[in-house]
Amino acid sequence: MQINSPRHEVESQKLLYSSSALSELRDTFYSNSKKKKSSVFHVVLNSCGLLLQRNTTDNTGAGKDHFVPISDIIGGRCVRLQRSPRFKSTGGCGVCTPSISDKDGKPNEDEDAYLYVFAYILKRQKRNMRNVVKRERTVITLRFRSFDSHEDNMREAEKWYKTLKAHRENYVLEGATRCTLNIPPKRILILLNPKSGSGKARELFHRQVVPVLNEAEVPYDLYVTKHSNYAYDFVKKRDLSVWTEIATVGGDGLFHEVVNGVLKRLDWEDVIENISLGIVPCGSGNGLARSIAHCHEEPYDPKPILGAALTLVGGHSTPMDIVEIEVQDKVMYSFLSVGWGLISDIDIESERLRPLGYQRFTIWTLHRLINLRTYRGRISYIPKEETEPGAMSSPHEISRSKRSLQHSISLQETLDKQYKSNDHISSTEFEDVISLETLANQSFRSRCDSWLSSGSRKSTYYSIAESLYHSISDTSECSASPYAEGTDDADDPQCERLSEKKVGPLPNSSKWIVEEGEFVMIHAAYQSHLGSDCFFAPQSKLNDGTIHLVIIYGGISRSQLLNFLINMSSGTHLPSQNNDFIKVVRVEAFHLTPHENNGILTVDGERVKCSPLQARIIPGAVKIMIPKKMH
Ligand SMILES: Nc1ncnc2c1ncn2[C@@H]1O[C@H](COP(=O)(O)OP(=O)(O)OP(=O)(O)O)[C@@H](O)[C@H]1O
């Protein structure tokens, strides 16, 4: 079937590239619900979103307008429903179904075209006396049936689809297109740790992330990690130029591997300029994913994976701080925390309870409180020089990075390619998506199509042809790489360090404050949450250039400590003023020396050898994907 006539091509090009043509599409649709009275709706699609306005001559439908903001729409799909016996018998989803025969009993040729618009809308609900805000999937179906031929109806549906995609693209890229910004077509590298959390990452990914990627028509390549450091080697040694984003599906440990793999490449500057990082929380801690949601006031529970999937397809990113760490003459990069003492003990020692998921932390916290330990050591730090309030903590969004990569695929070509894969989806595939009944046998072909919106929990999904699953790795691709130093354990490559390039040498010694003594713990955080239920540094932002250093001294009582630990989940554990036992200080660098190299030392929740460690913040070093635009 030829969908795009030359004339239509030209029109679409105009639509895509002329902002005035992009401004608005309008039409009248008819909703023929069996339960409710039939209604006429004026539907408007523009840069703000999709507005469905009930035609109210008698005022009965007042207040029933439905507006879906463009920020909540992730994609659309044009389809031609094909009849099948199953479709006949089920009668679709029970709301309304394209009729299968006309008055004469002859099978109907379904000449209509359908546009499904996929949106995830914020909904507020009261649950257990609490206000719960969550995103819910909504499918809006527009049925185009004004023309006699399917080709003409499809052309009309396609016009809406392309306009929708272009508005979405313009919203993300602030009025430009990927072509004009020299940004290659979006494609995500996904690295999944099947062992993370309670071991369900693969299943969760397929159930909750793949559907969203497909609805948004975002192509991706999935690699399942085979062992520890697989992701590190992968991103350190492969050619990454085909991807615009790298996302991990797992916990913070997997993300740590990716950050280090990227920053230890010889071409790390190009990579961090051109590729954003993302995370889908399937681990046991999930501090970064929780922090990202918190910083952007996006709902996290009860659907953290859905939120993260929407973030992956959304296209927004912001700079995120990275901490450069020197430990035992090696350099590593950290995005979450450095810990020594109580919290690290709980994190690492509770590993033996991993099958319990997040509960392992609660159980081991009680155990370690009863068997409280202190550690001797020295902490030195450079307090952060505070500039004007807010000046340092104003993360800005990256919306138009200059891309060094060139590409020749136009947005139009991309859309057309995507569109072709949309065609001909069997109706059975959509039987749980509410479909439509249009006004049959109209005496005149008025612009009277149908729409219906539904919050559909169940869905059927289709994969887009371009996405690839790689379950078997080609290790030979990794073994010799022009992007990394030769050996697998080249932890300290000859490439320039992040700090050398971005911030220069550390300030002189007069700025250092030194404390020596007995500590219950020293924990440095640069994200608000260390785990999904651990609101450790409430003041922290993704890009505030600050390490939030919390020191708990020996001599603190168990009840004080219990209070501290219990209140960590609400972020009310820190004293408003430093006291004899708990101190909070904002620093730009610190040096930790555990005497006798005692205790457990962690970086991003992963254990490192207990030895002297130096850390310093590199503000906004990488780009992290975020749920929505920052204003
Ligand atoms: N296929 C694998 N088999 C075993 N270990 C793996 C595999 N892939 C990655 N790893 C390692 O598992 C460690 C933990 O992984 P990850 O962070 O994904 O889960 P988690 O520990 O449950 O989550 P969190 O770090 O949030 O607590 C990582 O340090 C990573 O190196």
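Keep in mind that what you see is a predicted model, and the values were worked out from it rather than measured. Counting convention: from 1, in listed order, for ligands and their atoms alike. All heavy atoms count here, side chains included; hydrogens, waters and symmetry mates do not.
When all heavy atoms of Phe535 and His573 are compared, the pair lying nearest together is O-CE1, 3.1 Å. Across every non-hydrogen atom of Gly261 and Val235, the tightest pair is CA-CG2, 3.5 Å.
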| What's the verdict on side chain to side chain donor-acceptor pair (under 3.5 Å) for Tyr230 and Glu257, showing C-alpha distance, side-chain angles and the deciding distance? | CA-CA 8 Å; Tyr230 177 102; Glu257 284 192 17; over 6 Å; no
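Only one option out of His523, His529, His548 pairs with Phe536 in a ring-ring contact (aromatic ring centres under 6.0 Å, His included); it is His523. Across Ile582, Ile343, Ile556, a single residue satisfies side-chain contact (heavy atoms from CB on, under 4.5 Å) together with Val520, and that is Ile556.
Sorted by chain then number, the residues whose non-hydrogen atoms approach ligand 1 to under 4.0 Å are Asn193, Pro194, Lys195, Ser196, Gly197, Thr225, Lys226, His227, Ser228, Asn229, Gly250, Gly251, Asp252, Gly253, Leu254, Glu257, Gly283, Ser284, Gly285, Asn286, Arg354, Glu606.
Under the 3.5 Å distance criterion, with hydrogens and angles disregarded, no donor-acceptor pair is assigned to the side chains of Asn543 and Tyr526.
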